[in-house]
Trainee: 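Structure below; questions to follow.
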2 protein chains.
Amino acid sequence: MKVNDNGIYIDGIDKKILRALMEDARTPILEIARHVGISGAAIHQRLKKLEKSGLLAGSKFIINPKVLGYTTMAFVGVYLDKAISNPEAVKQLQKIPEVIECHYTTGNWSIFIKILTKDNEHLMHVLNSEIQSIKGVSRTETFISLQQQINRQIKI
Amino acid sequence: MKVNDNGIYIDGIDKKILRALMEDARTPILEIARHVGISGAAIHQRLKKLEKSGLLAGSKFIINPKVLGYTTMAFVGVYLDKAISNPEAVKQLQKIPEVIECHYTTGNWSIFIKILTKDNEHLMHVLNSEIQSIKGVSRTETFISLQQQINRQIKI
DNA sequence: TTGAAAACACAAAAATTTTCGATATTTTTT
DNA sequence: AAAAAATATCGAAAATTTTTGTGTTTTCAA
């Protein structure tokens with residue numbers, strides 16, 4: 001019981017620590033300690049180890065876009081013609097703040113992105129004025145997310 | 001200079017605070033204070049306000065799935081036949097840990113999901129044994145993300 | 001069974017967060 | 001325009017949390 005295929009072994013205590021912090025990165029170590037039944041120092045030590053292993057990739061404050069009026073999420077499949085390279089297109093997409101994810105995918109599209117806009121009008125503007133105007137983008141297919149029903153990280 | 005359409009006004013200092021914490025939820029208040037030029041107590045008070053406004057939706061530790069061997073991300077468009085209701089399908093999808101996002105979308109599919117698996121074999125298993133076996137799922141279309149090139153939150 | 005390494009506990013030290021009263025600033029009311 | 005009220009900030013103290021030593025216990029492999 002030392003390492004798994006990927007170089008790190010996570011036991012039940014590690015899992016409890018991770019689950020608590022994945023839920024709320026501000027959970028005090030001592031609270032976790034009380035919950036799992038070992039000392040705070042031991043938790044701390046385990047966290048260092050998890051961090052060193054690379055499993056812990058950092059922490060983020062999550063903001064609620066709706067409060068800022070961003071209520072429309074959409075997925076967009078982008079067709080690129082051969083004129084433009086994928087990295088060049090991504091570079092352009094980086095500049096569009098509404099683009100929050102970008103994937104290089106198999107299948108119909110060259111690029112698949114997730115975008116967040118205030119409303120349909122804003123969405124239309126991003127599609128027509130921002131994305132379509134990138135050199136090499138020939139066509140797009142848009143799917144609006146009417147509701148996001150699941151949003152979570154990998155299960156530990 | 002009080003509120004915007006959505007009930008909250010975020011000034012430049014708030015933005016700096018948020019940007020720091022969105023990047024790393026563990027950034028010390030005093031470090032932010034030094035950076036923006038007001039006292040730690042003031043930062044603290046602003047954070048309380050941002051929290052109360054609902055803009056701050058919490059914090060999360062981010063784990064790197066690759067370290068656990070999860071290297072394959074895919075998007076799946078799911079066709080449902082009328083026999084099953086959307087909520088019922090979502091309920092079933094909830095039980096599949098590999099499903100990390102689920103959207104109710106416009107367009108071809110009824111449901112659009114993001115899944116994370118160890119490899120293609122694992123992906124195939126989730127598709128064939130888990131998702132296809134949900135009552136009412138008639139067909140799926142899968143797009144594998146060969147590389148995720150952008151992953152960020154809304155720009156503040 | 002033994003020895004080394006890893007995990008742990010306890011307690012002190014360091015760092016961070018939270019609170020609080022006093023000003024100061026801004027906004028609203030009169 | 002002045003007065004009143006509401007907000008925001010500050011500095012310092014208090015409370016909490018994290019981090020660091022040191023020594024003990026546990027684990028595991030030889």
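In what follows, every chain begins at residue 1, and chains take the letters A, B, ... in the order their sequences are listed.
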Trainee: Which class fits the ring pair A:His122 and A:His125: parallel under 30°, tilted 30 to 60°, perpendicular over 60°?
Mentor: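 If you compare the ring of A:His122 with that of A:His125, the planes turn out tilted.
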Trainee: Is any side-chain N or O of B:Arg46 closer than 4.0 Å to OP1 or OP2 of D:dT7?
Mentor: no
Trainee: Using a heavy-atom cut-off of 4.0 Å across all strands, would you classify A:Ile29 as base, sugar-phosphate, or nothing?
Mentor: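 Sugar-phosphate only.
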Trainee: How many Å lie between CD on A:Glu51 and C1' on D:dT19, as a whole number?
Mentor: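 In whole Å, D:dT19 C1' lies 13 Å from A:Glu51 CD.
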Trainee: Which listed nucleotide (C:dA9, D:dT17, D:dT9) is nearest to the side chain of B:Ser39?
Mentor: D:dT9
Trainee: Starting at atom CD of A:Glu31, determine the distance to atom C1' of D:dT16, rounded to an integer number of angstrom.
Mentor: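 After rounding, the reported distance stands at 12 Å.
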Trainee: Separation of B:Arg26 atom CZ from D:dT19 atom C1', in whole Å?
Mentor: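 B:Arg26 atom CZ is separated from D:dT19 atom C1' by 12 Å.
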Trainee: Using a strict 4.0 Å threshold on nitrogen-to-oxygen distance, state whether A:Glu141 and A:Arg139 make a salt bridge.
Mentor: yes
Trainee: Ignoring backbone atoms, test whether B:His44 places a side-chain nitrogen or oxygen under 4.0 Å from the OP1 or OP2 oxygen of C:dT17.
Mentor: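 No, B:His44 has no side-chain N/O under 4.0 Å of OP1/OP2 on C:dT17.
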Trainee: Nearest nucleotide by nearest heavy atom, which residue falls closer to the 5' end of DNA chain C, B:Gly40 or A:Ala42?
Mentor: A:Ala42
Trainee: Going by heavy atoms in the side chains, are A:Gln148 and B:Glu101 under 4.5 Å from each other?
Mentor: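 In contact.
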Trainee: Rounded to whole Å, please give me the gap between NZ in A:Lys48 and P in D:dT18.
Mentor: 12 Å
Trainee: Check every strand shown and say whether B:Ala41 touches a base, only sugar-phosphate, or nothing at a heavy-atom separation below 4.0 Å.
Mentor: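 Base contact.
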Trainee: Would you kindly give the CD1-to-P distance between B:Ile13 and D:dT9, to the nearest whole Å?
Mentor: 6 Å
Trainee: Could you give the CD-to-P distance, from B:Gln45 to C:dT19, as a whole number of Å?
Mentor: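 About 11 Å, once rounded to whole Å.
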Trainee: Using whole Å, report how far NZ of A:Lys52 lies from C1' of C:dA6.
Mentor: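 It is 11 Å, rounded to the nearest whole Å.
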Trainee: Could you tell me whether A:Ile38 contacts a base, only the sugar-phosphate backbone, or nothing, with contacts defined as non-hydrogen atoms closer than 4.0 Å?
Mentor: sugar-phosphate
Trainee: Is the closest basic N to carboxylate O distance between A:Arg46 and A:Asp11 below 4.0 Å?
Mentor: yes
Trainee: Going by heavy atoms in the side chains, are A:Lys60 and B:Ile62 under 4.5 Å from each other?
Mentor: yes
Trainee: Round to a whole Å and report the spacing from CG of A:Leu30 to P of D:dT16.
Mentor: 12 Å
